[in-house]
Each structure stands twice: as C-alpha cells, then as structure tokens.
K.L.:
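My structure is below; once you've seen it, I'll send some questions.
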Amino acid sequence: MISYTQFNCTLSIFALLLAGCAPMPVNDHSAGLTTFVVLGEQGQAVARVLTDAAQCPRIRIDGVDVAMDVRAAAGTVAQRTTRSAPADSKPSGFPLLTCEKILPAQTTSAIVAGHALPLPKTEARRIVVIGDTGCRLKKSDQAYQPCNDAAHYPFARIAAAAARWQPDLVIHVGDYHYRENACPDDNAGCAGSSWGYGWDAWRDDFFKPAAPLLQAAPWVLVRGNHESCSRAGQGWWRMLDPRPLQAGRDCNDPANDDLGDFSDPYAVPLGGDAQVIVLDTSNTTGSPIAQDDVRSGKYRAMYRQADQLSQQASYNFGANHQPILGFYAYEDAKGIVNVLPGNQGIQSVFGALNPLIMPARIDALLSGHTHLWQQVSFASAHPTQFIAGFSGTMEDLVPLPDVLPSGATPAPGAIVASVSAWTGGFGYMTMERSGARQWQVRVWDTAGREVNRCQVEGSKSACEKARIQ
Ligand SMILES: [Fe+2]
C-alpha cells in the first residue's frame, strides 16, 4: 500500500524547478494503485494490486522484474438477486483490474511501482486481530451508521493505531462490507455514502480506511456472512480470497452460489510450530442445519479437513466468522436480557461429529460477527474463544450480565470458567507470543489505549478485567 505522504520526486530536475516536489496522492483509490499481500494455503503469500490502469504493473521480486497475472478484469457485473429488494440493489461496477502474483517462499523483497510490499516473517509473533469493519447502511433494519463521522465509524482510526503497533500479521475475522443500501437523502450522518456491492463501496468500507494496516503486514482474511454470494461475495472473490478465482465461484450468477459460498479450510503457519486454520462459515445460519441442507455435507467435510490440518502444528488457532463458543446478549420486547449460545448452525453439524464441537487440537477460536469484544474460557476441554467484531461496524449495545444466568453456556457440555466482555467500545485486539503455547492478548481502544489484558495458556485463557465499562 502506498502512503498518502509519499512525494513524487521522480520528476526531472528541470521539471522539479518548474513544478516543485508535489505530494502524489497515489492512495487515492479512485485513480491509483492499491497493493497488499494475502496469505493462503500453507501460508502461500500472494501479492495483489488493484489498479485502474489498462494493464497490470510489473512486480520486482528479489530484484527480478516479472509480470503480474490478471485475476479479474475491469467490468460491471449485471444486477443479481441479493439480500435486498431489487429496487435497493444495483449492478456491481468494478472499474479496475485485480492483479496478482504468487510470491515464492523466502522472498525477501517485493516491489510494485517503487513501493515495497509487506512480507511474512519467519515467525509471526505480533498479530493484530480485527473484525466487522464496514459502515452499516441497511434499509431493512433502518440502520444507517454515520459513515461520515469518525467518532461513529472509527475503522480508519483503528487501522492507523493497529499499524503503529507494528504487527507481523493481521487477521481479519470477517465482515468487511456493510454499505448495502443507499443512505436516505435527509440523513446527514451518512449522506453521500457509496452503496451496493461494487468497488466504490468496497473502497470506502475497506480499502481506504484499512490502507495503513494493509501496508504494515500481510493479512489472513476470514470470510464473513456479509461476503456471502447474495451480499458482497463478488468483491470477496475478485479482490480478497487468497485462492485462485475460478469460473462459477465468483458469485456473479446466483445459480452457482453453492459453488461460491463454500471453500475448503486451509492452514497458515505462524512459525514456531503454530498455525491458524481458516474456516469459511460465511453461509451458515443461526439455527441448526438440517441433514439434507447443502451446508450439512459441506461443514462435515470442513470439520474433517480442519481436524486433519490441526495435526500439522502443536498450537492451533481456528479462525471463522461466527462465534461457535461465544455468548450473545439479546434484550427482548419485555426488556429481559437473554444470553444466547454460540452459532447453532455450525454447532449442529460439528457437534454431531464430536460432542466437544471442535477438533481436539484446536486451542483457540478467533471470530467476529457479534459487534463487541469477548473472551470465554472453559473448564471443559473446549478451546478458548475470542470475539473481535468491534473494529468499526455499529456496535451491539446489550452488555452481557455481570453474573451469567445459572448454567449459561455457549454449547451443550461446555463448562464456562471465565468470561470477559466489552460491549459498546470500538477497538482492536493484539496477540503476542510469549511461549510455545502461550500468548498475551491485549485489547485496545480507537486511540491505541490498552483497556484489557489476557493470558492464553494452551486452550485456556484468563483476563485481568471481567467487564470493561
Ligand atoms: Fe457477521
């Protein structure tokens, strides 16, 4: 990613005398170049470039100039059925090329247009975790987040603060895109916001605010339900998913959604015998999945593959979007706060294969989806769960009760040992490795101030504060 503050000093001396050394707004996403690095299967690093030029730029890898491949051509995709009414949907315009190049392992430098890309470290010891970062514009819920007000939509501040922490790796736990419908004309908080599933909304919801953090480190990208085919799946496949873009998986034709909505899990090594296993649960439901539902077979296969991948390392994070072992507080019409369990769709399929829900070697779960920060640790043999869905999207407002109802648990048989929660605060989470199976987790607000600290020891964790006010 190219810095806004970079100066265009490539002019000739003569031209400089005439024109001066002018700022070059190369991160102006309407007319520029966006570069980033995503990590995929077995940690394979892929350089990505989004450009409105007619051709992909060349990339210099360890001193050798090579061509980049076209991942997706510029174009406008015809309007398809979406989660919104046809009148609130539109064609998806992507007036830019997506270019990519697989970076060989051990690459020490990769440069595009004079700008160095962030490369994976041998060991990722400093990891930023963020999630649910877009600005919510949703007509059916009459939810219009003030996208124009950084106090109410602080993803740019969070990305900048997280970049200053100098991570080795960033994990986004899903839901990048929230600008689904038009902001009403009389709503000053979001007036003029881009909307729909094309580039302009992706630019404003993700690539522009995320710029400093995309420049800071390579990313592991988890797919959220907002990136399912009937929502922002087109942009997900075109620009973010680390795997090859295959015909029929691009979410452009609803007839192929069963191809585009599911992906095999993969593992990204973190070095030091640890890894993160990435699960695409974007198309799950919140209720149990029937055996004849396509998701049942897909998620059974996912469980088995994740189990197999987990044999590769001594420490395993599982990263998926919907919390499988977290709590969600919901206030009903009578004002009574109900404490709801983890995702019932995944639990229904995984739980039929293993009463403990997750493969035994998965130590910790990283998720988002609920718009808060949360930690749960268990006395039973379940992995600890962290939720980091608090990085920009309009927050959930019902806090977990200080004392959980008797017997409250995210899943049958899971015995809760400790819970820590922050409801109503925006921020980001970091994880620093402190031992073979130990991590220090810290929680930060939008200004980069620490608000909580937890220790992870294997599959257990404990935090200093149970509730953050
Ligand atoms: Fe979500």
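In this chain, residues are counted from 1 in sequence order. The structure presented is a predicted model; accordingly, all values stated were derived computationally and were not measured. Every number for a ligand or one of its atoms is a count from 1 in the order of the listing.
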K.L.:
Under 4.5 Å between any side-chain heavy atoms of Gln311 and Arg361, yes or no?
P.N.:
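Answer yes - side chains close enough.
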
K.L.:
Determine, using ring centers only, whether Phe317 and Trp439 are less than 6.0 Å apart.
P.N.:
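For Trp439 and Phe317, the ring centres are under 6.0 Å apart.
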
K.L.:
Using a distance-only test with no angle check, is there a side-chain donor-acceptor pair under 3.5 angstrom linking Tyr178 and Asp132?
P.N.:
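Their side chains do contain a donor-acceptor pair, which is all the 3.5 Å distance test asks for.
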
K.L.:
Suppose we only allow N, O or S atoms; which atom of His321 ends up nearest to the Fe ion (ligand 1)?
P.N.:
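Result: NE2.
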
K.L.:
What N/O/S atom of His369 is the closest to the Fe ion (ligand 1)?
P.N.:
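Closest N, O or S atom of His369 to the Fe ion (ligand 1): ND1.
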
K.L.:
Has His226 got an N, O or S atom lying less than 2.8 Å from the Fe ion (ligand 1)?
P.N.:
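No.
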
K.L.:
Check the SG atoms of Cys190 against those of Cys135: under 2.5 Å or not?
P.N.:
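No; the two sulfurs sit 2.5 Å or more apart.
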
K.L.:
Taking the Fe ion (ligand 1) as the vertex, how big is the angle to OD1 in Asn225 and OD2 in Asp175, rounded to 10°?
P.N.:
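About 100°, to the nearest ten degrees.
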
